Number of protein chains: 2
Amino acid sequence: MGRLPAYLRAVVDLVSLGLPSVSSDRLAEETGVNPATVRRDLASLGIAGTRGLGYDLRYLIHEIGLLLGVSEDWPVVIVGAGNLGRALANYQGLAARGFPVRALLDVDPTLVGARFGQVEVLHLDEMERVVGEAGVGVGILATPADQAQLVADRLVALGVSSLLNFTEETLVVPSWVEVRRVDLATELQILSFYQRRTTGARSGAGLPLGHESNP
Amino acid sequence: MGRLPAYLRAVVDLVSLGLPSVSSDRLAEETGVNPATVRRDLASLGIAGTRGLGYDLRYLIHEIGLLLGVSEDWPVVIVGAGNLGRALANYQGLAARGFPVRALLDVDPTLVGARFGQVEVLHLDEMERVVGEAGVGVGILATPADQAQLVADRLVALGVSSLLNFTEETLVVPSWVEVRRVDLATELQILSFYQRRTTGARSGAGLPLGHESNP
DNA sequence: CAGTGTGAATTTCTTCACAGCG
DNA sequence: CGCTGTGAAGAAATTCACACTG
């Protein structure tokens, strides 16, 4: 569920403020969600609060962290050591949040052997070995679009069950594989579409625009 | 609406296949959406099809493109010329999709003056000038987290009304400003959460997991 | 007759509002 | 008495199913 990471972030912030617990109201305010929604979310996750007090922050972190798999490591490989791949490899937040980068892979011989962040660039041919040895379950695709499907197929064949796709390619994968696409241009399009709505786009009433924040 | 970019992508693909028109069924299949939803979306956008035939692809592209503002340019600035900022500046898909990068800004004197892609790194102090001159309406934040709010404030003061936030900071902005956050770790958390669901997480029935594809 | 457009049914999500607990 | 937990109401989104049309 998309709100969980937001809850976790907020809760981590709050605990670092020295607070021992948090009310649904506060957590709601912190995340921009309705308080009732917060309570229902937590309740339905099996997380109980204390009436009159709120939710214990350490317990919240523990539980949500558990749900999000933060407690264990999910080793990842990044395929494609172009600018994007290198940026991702350098991103410290990854390992910090439980996603250690086990390899940065590319086919370009001028890149193989170079280091970015903590990671050395390996040749793509090493993928099979690295994925197997490191127990990688997540693949990050930062290749040229026309290579993405190919790489995805190889990763899937190795049992990698989560793919984060930074390319423009739409991936075809078995149903047990989770794919999320991160596309800068799509994000920007959505932004500009929202923006445009404030001006005179013929609306038509019925398309769920998924906008509007707190009324 | 979040499905529009998907429609646009699919439609562009289909037209490049030489097809003249597309049925809601096909478009649905292509985007993983329900056919009725496709029809309702398009109808509510004022896009009409032809009974027995489908939707004219060129017309679809034109209309959806219009809605997404593809026809006009939305100049952007990228703040932060670290690895991520440089990767984004290098990303050709941006300009190609109507988001020309007008500036890459940083405070680091060793970076100012360097070129990445088509863009030269300017000092952050030039922001006011560039944004004004280029009519920038979108800011991309690729700064260290602790700088993000500061930069966001300055951008907002300049009238920038869309922000794409790659930092871990939660931005506080006036209501007329649209913010979207892109956070790698969050994406990965969501992925791993989905993955985990297949194993034995106590579910509790009620948390909208937003998963399940075509039934 | 293939395929749209849309009422109506259904499902899903959110929010209200309040009983009841610590 | 502050705040949870949740039934019930409401809103929104999705999907069905079918009349209708090019």
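Predicted model, so just to flag it, every value in this text is computed and none were measured. Chain identifiers are assigned alphabetically (A, B, ...) following the order of the sequence lines, protein sequences preceding nucleic acid strands; residue numbering begins at 1 within each chain.
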Can you confirm whether the side chains of A:R58 and A:S21 place a donor and an acceptor under 3.5 Å from each other?
no
May I ask you to check whether B:N165 and B:T167 show a side-chain donor-acceptor distance below 3.5 Å?
yes
For [X] and [N], give me the distance from atom [atom1] to atom [atom2], rounded to whole Å.
X     : N      : atom1 : atom2 : result
B:D41 : D:dA12 : CG    : C1'   : 13 Å
B:R3  : D:dA12 : CZ    : P     : 15 Å
A:N34 : D:dT6  : CG    : P     : 17 Å

Result of checking B:I78, B:V76, B:V101, B:V77 against B:V138 for side chain to side chain contact (heavy atoms under 4.5 Å, CB included)
B:V76
Passing option when A:L60 is tested against A:L14, A:L8, A:V15, A:L27 for side chain to side chain contact (heavy atoms under 4.5 Å, CB included):
A:L27
Test A:R97 against B:D183 for salt bridge (charged side-chain N to carboxylate O under 4.0 Å, His left out), laying out the working first.
CA-CA 11 Å; A:R97 298 229 239 152; B:D183 178 26; 2.5 Å; yes
Between B:R86 and A:N83, is there a donor-acceptor pair closer than 3.5 Å when you use the side chain of the first and the backbone of the second?
no
Would you give a per-nucleotide map of nucleotides 2-8 of chain C, 5' to 3', where B means the base has a protein non-hydrogen atom under 4.0 Å away, S means only the sugar-phosphate does, and - means neither?
BBBBBBB
At a heavy-atom distance below 4.0 Å, what parts of residues 7-17 of chain A sit against DNA chain C?
none
NZ/NE/NH1/NH2 to OD/OE distance under 4.0 Å, A:R9 and A:E30:
no
For B:E169, all residues meeting side chain to side chain donor-acceptor pair (under 3.5 Å), sequence neighbours excluded:
none
